[in-house]
Structures are given as structure tokens and as C-alpha cells.
Protein chains: 2
Amino acid sequence: MIFFQLKLRKTWERFQLHLPQFKTYSIKELSIFKNTVKFAKVELAFFAVPTDNFYSKKLTMRHQTTIKDIAKELHISKSTVSRVLTGNPNVNEETRKAVLALAQKLDYQKNIFARNLVTHKTNTIGIIVPEFMSSYFPKVIIGVQNIASKAGYNTIIAQSNENYETEVANAKVMMANQVEGLIVSVTKETNNFDHLIAFQRKEIPIVFFNRICEDMHVPKVVVDDYDGAFRAVEHLIVTGKKRIAHLAGPDNLSISRRRLNGYLAALRKYKIPVDEEIIIPYDLKIDKVKTLIQQLFNLKCPPDALFAINDPTAIEAIQVIKSMGIKIPEDIAIVGFSNDEVSGLIEPSLTTISQPVQKIGETAADLIFKLINKEINPNSAIIKTLTTELIIRHSTVR
Amino acid sequence: MIFFQLKLRKTWERFQLHLPQFKTYSIKELSIFKNTVKFAKVELAFFAVPTDNFYSKKLTMRHQTTIKDIAKELHISKSTVSRVLTGNPNVNEETRKAVLALAQKLDYQKNIFARNLVTHKTNTIGIIVPEFMSSYFPKVIIGVQNIASKAGYNTIIAQSNENYETEVANAKVMMANQVEGLIVSVTKETNNFDHLIAFQRKEIPIVFFNRICEDMHVPKVVVDDYDGAFRAVEHLIVTGKKRIAHLAGPDNLSISRRRLNGYLAALRKYKIPVDEEIIIPYDLKIDKVKTLIQQLFNLKCPPDALFAINDPTAIEAIQVIKSMGIKIPEDIAIVGFSNDEVSGLIEPSLTTISQPVQKIGETAADLIFKLINKEINPNSAIIKTLTTELIIRHSTVR
DNA sequence: CTGTTAGCGCTTTCAC
DNA sequence: GTGAAAGCGCTAACAG
């Protein structure tokens with residue numbers, strides 16, 4: 001048998017109950033209320049606290065302060081409190097101060113759900129990335145958050161794990177949370193964009209980066225993959241390589257196509273014949289690299305250089321090639337793309353193309369806010385192209 | 001002068017206005033409404049679209065379907081629709097089907113803000129991590145999301161960038177979003193825990209992992225740092241090393257203390273004297289490593305092995321030591337802690353202690369849900385300790 | 001099984 | 001400058 005007190009609406013009532021367990025009870029479990037109180041739906045969650053003395057203790061309550069509380073305390077109306085809290089200038093200076101002081105004192109926290117419900121504003125943007133195992137996407141996110149927090153916006157992050165269904169689910173979550181803008185880099189599986197087109201239909205701004213959907217008429221942030229690839233391959237050529245293989249990414253990613261084009265352009269410029277045999281289609285699944293590399297070396301005329309679609313691939317290639325006892329860069333030179341953390345650490349260190357990763361995030365976020373503020377037309381398919389840099393290391397020159 | 005049509009509530013009305021610019025206008029700017037429409041607060045945002053023919057075009061509207069729409073359409077009450085949508089069994093099968101079908105057809109999406117407002121449930125948990133540049137925290141997050149999504153919960157992710165103020169701000173965001181539980185690994189700067197104690201006060205479950213606050217009486221998930229460190233050092237000893245240095249982490253992180261204790265215990269077991277001179281305090285700032293290593297080698301009697309507090313530190317140490325022309329592992333053997341991605345790739349590959357990273361996330365999430373469901377007492381400071389594994393590579397044996 | 005009703009906490013007219 | 005009142009979209013108690 002436990003004695004306890006409970007605050008209903010305004011007044012403390014006393015109850016006496018047999019409660020088998022010391023825990024939080026739901027209103028349903030406390031059938032006593034049905035007999036005692038008109039409004040069974042009490043506005044406070046509560047704990048039953050055992051007391052020796054019937055009158056001795058107040059209960060632990062969890063009650064978020066609301067504008068109503070403040071209004072009541074100050075004998076003013078909810079509206080006035082709301083005005084103060086939303087920065088409406090039409091408020092008496094004294095009242096304003098009093099409200100602010102009391103809000104502080106009562107640790108008032110605005111209920112964002114209530115606010116969102118009425119204003120239809122959420123001050124939230126979303127970002128969906130395919131993974132964050134490599135340092136690329138995390139850095140982008142940091143860039144996005146920098147800009148977003150300056151704008152007073154929160155960022156919800158979701159990662160799709162390179163899985164299309166997860167991406168769709170994430171998009172739903174973003175929708176449900178009514179993000180005001182969405183920054184996306186799609187998975188390598190994504191060919192259907194309905195889940196993103198839904199945002200366009202609702203006029204929620206979208207910005208793509210890195211893995212973009214070319215068919216959607218929205219702003220995009222990319223690096224100059226073509227130029228990066230061109231310079232990577234050019235570097236291989238000028239260091240004396242004649243037969244340059246390419247591990248090419250999946251065709252549905254425009255990033256793969258642009259890098260492939262850069263590769264082809266460099267060959268063309270230096271009048272090196274293109275050999276389809278050493279342009280290897282590759283699905284970005286790292287465990288395939290071993291077979292593909294072995295395949296390359298089984299050719300009658302194996303390559304003397306390799307341009308890999310990205311760093312993880314190049315790094316895996318280096319491991320494989322080293323284990324085959326082939327010398328890098330003498331027998332085969334290798335170039336990657338993105339300048340991952342690891343690239344400078346492995347042996348030999350990897351020549352690669354670095355991209356301004358954080359800047360990518362910042363640029364994407366900038367675009368989103370310009371779209372949110374209607375500073376640019378949502379249908380203008382602006383493409384911001386950031387520049388890359390060739391980092392020469394020991395996988396191409398001793 | 002622009003002609004346009006606008007849908008108010010149910011019917012299309014026609015208006016004619018001079019709008020200086022082609023953009024979205026707020027209701028305030030369109031003073032015409034005051035004269036024309038009873039409810040100036042239209043439930044639709046709208047665009048003014050220029051049309052040649054007055055009647056030619058419908059406007060782009062954004063209107064989220066609500067249960068009211070469904071109810072009206074089906075000539076039933078909101079409550080019934082709500083019952084269907086919340087899975088209340090007391091609904092006629094036919095009605096249920098009709099509602100579901102219409103919801104589908106109208107692309108109905110529940111407004112979570114409205115629901116949260118009334119139910120005081122958000123189906124959301126939060127996770128705050130210090131960074132996600134290394135693969136550790138991202139993997140933990142994947143583990144957390146696995147469990148959370150199975151429980152039908154969303155996860156809000158925040159990263160504090162190893163910055164105390166950001167962590168506090170993140171905690172505020174979590175509070176504002178009314179997460180039902182919070183998983184935290186604090187920054188290396190965090191010494192004040194008020195922002196987290198606030199959650200305890202509101203009875204929102206907290207679980208710590210990795211970087212824990214020992215003083216807070218809440219569940220924690222850690223790996224057996226003591227044992228891991230012990231085995232790392234033991235391995236150095238049995239491979240013949242006699243003078244083992246330790247780059248120790250900051251004292252305020254219990255993780256540092258536990259690893260240090262493991263180190264000391266191993267020395268004790270093998271009767272190797274402890275020399276404070278080679279136990280180097282280090283603040284986890286990677287750029288300090290160089291100086292500290294040089295300092296070690298300037299000693300009269302430099303160490304022949306190094307146990308670094310974590311992998312990034314060990315990896316940096318390897319770079320520095322290699323550049324000094326000192327041989328690893330002959331002159332100095334090195335062990336790290338965590339088995340980061342890079343560890344297996346660098347030259348020489350790093351001997352290290354691996355932790356079940358994803359499992360850590362899953363365990364933490366499990367605990368959170370047990371707490372949310374009151375299956376365990378929130379004040380029971382359960383500590384789940386997961387086991388580690390010694391991964392022997394070439395930085396300790398040739 | 002269903003409709004009526006009240007209300008979550010907030011913003012925003014409108015009238016004074 | 002301020003208060004009253006309506007309503008955002010939803011759930012839940014209650015009465016049939």
C-alpha cells in the first residue's frame with residue numbers, strides 16, 4: 001500500500017493505492033481516477049512515490065513549462081507571451097523583460113512540434129548520403145552543418161548504406177519530418193528517382209552532390225571529374241606510361257561517365273589508341289578488384305598504368321598488385337581519385353586527385369538556402385563545379 | 001497585371017492582381033484576400049502563375065492530405081479514420097479497407113508533429129558522437145540504426161566535432177526534438193555534464209558508450225579496455241620487448257585510465273619496472289605526436305616498444321618513426337588500439353586491438369529500448385563490457 | 001463499431 | 001500594446 005499525492009490541474013490531491021511496483025503507471029492502470037477525477041487525462045505524467053508521512057512529500061513531476069504557465073504566472077495572455085518569444089516588436093518593454101526572465105527561470109523550452117504544426121516551418125534540412133565509412137561523406141556533412149547552423153537550421157542526417165530501399169525509406173523520414181530542403185547523394189543502385197521527385201512535386205528544394213541524378217532539373221554540386229580524370233591520366237602519360245587501364249564505375253552514375261570521358265580525352269590528346277580491353281567495367285564492390293586486376297595482368301599485353309575510379313579501389317589494387325610481386329610504379333603506376341585519408345599512408349603512397357570535400361557540403365547547403373529563400377529558381381539546374389587538384393605521390397613516381 | 005486562379009478550401013476562385021514579381025507571395029502581401037475571403041489564413045501555399053487565358057491554368061498547390069480529407073470523402077468521422085491509421089481493432093473491416101485505399105490513393109502522410117503533440121511520443125532516439133572522421137563512430141551509428149529501425153524508431157544523429165559547446169547545443173536539439181532516449185559518447189573536452197544530467201532529470205534514458213561519464217548513474221557500453229591494453233602490452237613483452245612506452249590519453253576520459261591500467265598490469269605481471277618517463281601524457285591531438293616521439297628517442301634510454309592509446313596515434317607514430325629512419329619492429333615495435341580501417345593497409349601494418357564496433361552500437365540501442373520500455377531500472381548503472389581481440393601484424397613481428 | 005468532444009502547445013488574426 | 005478566439009492535424013475518452 002502506497003500513499004501519495006498527485007497534482008491534478010491546479011491542486012494537490014491525496015490518494016491511497018495499492019501499487020504492486022515502484023514504476024511509472026499509465027492512467028489506465030490507475031483505475032482510481034475514473035472514480036475520482038473528471039478528466040482522467042491528467043496533464044502531468046507522474047510517479048508514485050512512497051512516503052512515510054502522508055503529507056510529507058511532493059511528487060516528482062515532469063511538466064514542460066508552456067507559454068500558458070508563463071502567461072498565468074504573469075497575469076497576461078498567451079498571445080503576449082508568444083509575441084515576446086517570437087520576437088514580435090509590439091510588446092511593452094517591461095512585459096517583454098518579465099516574460100523573458102520567467103521563461104529563463106522556469107527553463108522554458110519551446111515545443112517545436114506545436115510550432116511546426118501551426119507555422120508549417122520546421123527549420124530543418126535533411127541530408128542523405130550512401131555511406132559514411134570513408135571520410136568523404138562525413139566531411140561533406142560537416143560542411144553542410146556549418147552553413148545550416150549559421151542559418152539557424154538543424155540538419156537531419158541519414159545514410160542509406162548503399163541500399164536503394166533504405167534510401168527510399170530515408171526519403172520518407174525526411175518527408176515526414178517536413179524538411180525544408182534536401183541534400184542528396186544517391187546510392188550506386190539508385191536508378192529510380194520517384195522518391196526524390198516527390199520532393200520536387202511538393203516544391204521542397206533538392207540539391208544533389210557527388211552522385212547526382214542528371215535527369216532531375218535541380219541544382220547540383222560536383223567536382224570537375226572530367227578535368228580531374230584528364231589530369232590524372234595526363235600525369236601518367238607524361239611520366240612515360242603508354243598503356244593505361246581504367247577501372248570504370250557503373251554507367252548509371254554520371255560521375256563514372258565523366259571520369260571515363262576525362263580518361264578518354266587525355267588519351268586522345270596524346271594520340272594514345274583507346275583499347276576497350278583495358279577499360280574494365282566495375283560495380284564499386286571492393287572485393288571484385290582482385291579478380292579484375294588479375295584479369296588485366298593475364299592479357300597478352302598488360303597495362304603499365306592504372307587509373308582507378310576512386311581511392312578505395314586504387315588502394316585495394318595496390319594491395320593486390322603488391323601481393324602478386326609486381327612493382328609499383330615501375331611495372332605499373334596507379335592513380336586514384338578523391339585523396340582519402342589512407343592514400344598518403346599506404347606503401348607506396350597513392351597519387352590521386354583531391355577534392356574540396358567540406359566546400360562541397362557548404363556549397364550544397366548554400367544552394368539549399370538560396371532555394372528555400374527563393375533567391376534562385378528551383379527549376380534552374382545550376383551545376384556548381386568545384387575544382388580538383390592532382391596530388392603526386394609514389395604510386396606513380398619514385 | 002497577372003491573372004490567376006486560386007483554390008480556397010474546396011473551390012477554384014479567380015483573381016486578378018498586379019504582382020510586381022514572379023515569386024511566392026505571403027498572405028500578407030496579397031491584401032486582396034482581406035476583401036474577398038473570409039478566412040485570410042488559406043490552408044494552401046500558392047504560386048501566382050501568369051496565364052494568357054484567364055481560365056487556362058490551374059495553379060500548383062501543395063496540400064498534404066489529412067485525416068479530415070479522408071473522413072469527408074468517405075462520409076465518416078475523423079476518429080474512425082484515426083482508428084484505422086493507428087491500428088485500433090475496433091473498426092469495421094469494410095471501413096478499414098476503404099480508408100486504407102483512399103489514404104493510399106491520396107498519398108496520405110501522417111503529420112508526425114500533430115501526433116507527437118498529442119501523444120507525447122516521438123518514436124525518435126538520438127545519438128551524439130564526438131566525430132565521424134574515423135570509421136569507429138559511423139559503424140556504431142549503423143549498429144544503433146539497425147536496432148532502432150527494427151523497433152520502428154528514427155535516429156537523430158549529431159556530431160560535436162570534439163567541441164564541448166557543440167555538444168551542449170546538440171543536446172539542446174535532442175531535447176527540443178523530444179528524443180525518447182539518448183546515446184552519447186562525449187568529446188575529449190567534456191568535463192561538465194549538466195547538459196546530459198538535464199535528460200536524467202526529465203527521465204529521458206541515457207546510455208553512454210566509449211567515452212563515458214563515470215559519475216553519472218546510467219547504463220554504459222564499453223569494451224574491455226583494460227584487458228585489451230593488457231594483452232597488447234603482454235604481446236610486446238612476449239615478443240621480447242623490455243622497455244615499453246605508452247602514449248596515454250587525457251585523464252578525464254575513463255577509457256584512457258583503463259588502458260593505462262591494463263598497460264601497468266601487464267608490466268607488473270612480467271616484473272618489468274614502471275618508468276614514468278616513458279608514460280607520455282597526450283591530449284589526442286594528432287599533430288603533437290611528432291614532438292612526443294622525438295622526445296622519447298632523445299631519452300638516454302629510449303624505448304624498444306610503444307603502446308599508443310589509439311590507432312590514429314599509432315599510425316602517426318609509425319610515419320614519424322619511419323621518417324626518422326628507425327626500423328619497425330626491430331628497433332621499436334608499435335601497438336595501437338581499435339583496428340581502424342587504415343591499420344591493415346599501412347606499411348608496416350599495425351598490430352592493434354580490435355573492438356566489435358557495430359555490436360557496441362547495437363548493445364547501446366538495446367539498452368536504450370530496455371530503458372524506454374522500463375524493462376530495466378534507469379538508475380541501475382549497468383556496464384556492458386564487450387570483449388576485444390588482439391590483431392597481430394607487422395609493426396610488432398616481422 | 002462509431003461520432004462527438006476536448007485538447008496537445010503554439011501562432012495569428014481580429015477587435016479593442 | 002493586448003486579449004479572445006480560432007485552428008494547425010491528430011489522438012483518445014466517453015457515450016451511445
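All figures in this text were calculated on a predicted structure; none of them were measured in a lab. Quick note on labels: first sequence line is chain A, next is B, and so on, each numbered from 1.
- As rounded to whole Å, 16 Å separates atom C1' of C:dT4 from atom NZ of B:K72.
- We find that OH of B:Y108 is positioned 3 Å from P of D:dC10, with the value rounded to whole Å.
- Contact annotation: the side chain of B:I141 approaches that of B:I127 to within less than 4.5 Å [non-hydrogen atoms, C-beta and beyond].
- Spacing between atom NZ of A:K68 and atom P of C:dG9 amounts to 8 Å, rounded to whole angstrom units.
- Among the protein residues, B:S79 comes within range of the nucleic acid bases, having at least one heavy atom under 4.0 Å from a base atom.
- Rounded to a whole Å, the CG atom of A:N123 is 14 Å from the C1' atom of C:dT11.
- Residue contacts shown for A:K110 are limited to sugar-phosphate atoms, with no base heavy atom under 4.0 Å away.
- At the phosphate of D:dG3, OP1 or OP2 sits under 4.0 Å from a side-chain N or O atom of A:S77.
- B:T80 and B:S77 share a donor-acceptor pair across their side chains, judged by distance under 3.5 Å alone.
- In this structure, the CG atom of A:N116 is 10 Å from the P atom of C:dT11, given to the nearest Å.
- In this structure, the side chains of A:Y108 and A:D69 stay at 4.5 Å or more apart for every pair of heavy atoms.
- Rounded to an integer number of Å, the gap from CZ of A:R115 to P of C:dC10 is 11 Å.
- Between A:T95 and A:I76, the closest side-chain pair of non-hydrogen atoms falls below 4.5 Å.
- Remark: P of D:dC8 and CD of B:Q64 are 14 Å apart, rounded to the nearest angstrom.
- Here the P atom of nucleotide D:dA12 and the CG atom of B:L117 are 12 Å apart, to the nearest Å.
- Counting only N and O atoms by type, the side chains of B:Q178 and A:Q64 include no donor and acceptor under 3.5 Å apart.
- Near DNA chain D, meaning a heavy atom under 4.0 Å away, the residues from residues 80-96 of chain B are B:S82, B:R83, B:T86.
- Ranked by how close their nearest DNA chain D nucleotide is to the 5' end, A:H75 and B:T66 are led by A:H75.
- At least one side-chain heavy atom of B:L196 sits less than 4.5 Å from a side-chain heavy atom of B:L182.
- In this model, the phosphate group of C:dT11 is not approached by any side-chain N or O of A:H120 to a distance below 4.0 Å at OP1 or OP2.
- Residues B:R83 and B:R96 have side chains not in contact (no heavy-atom distance under 4.5 Å, counting atoms from C-beta outward).
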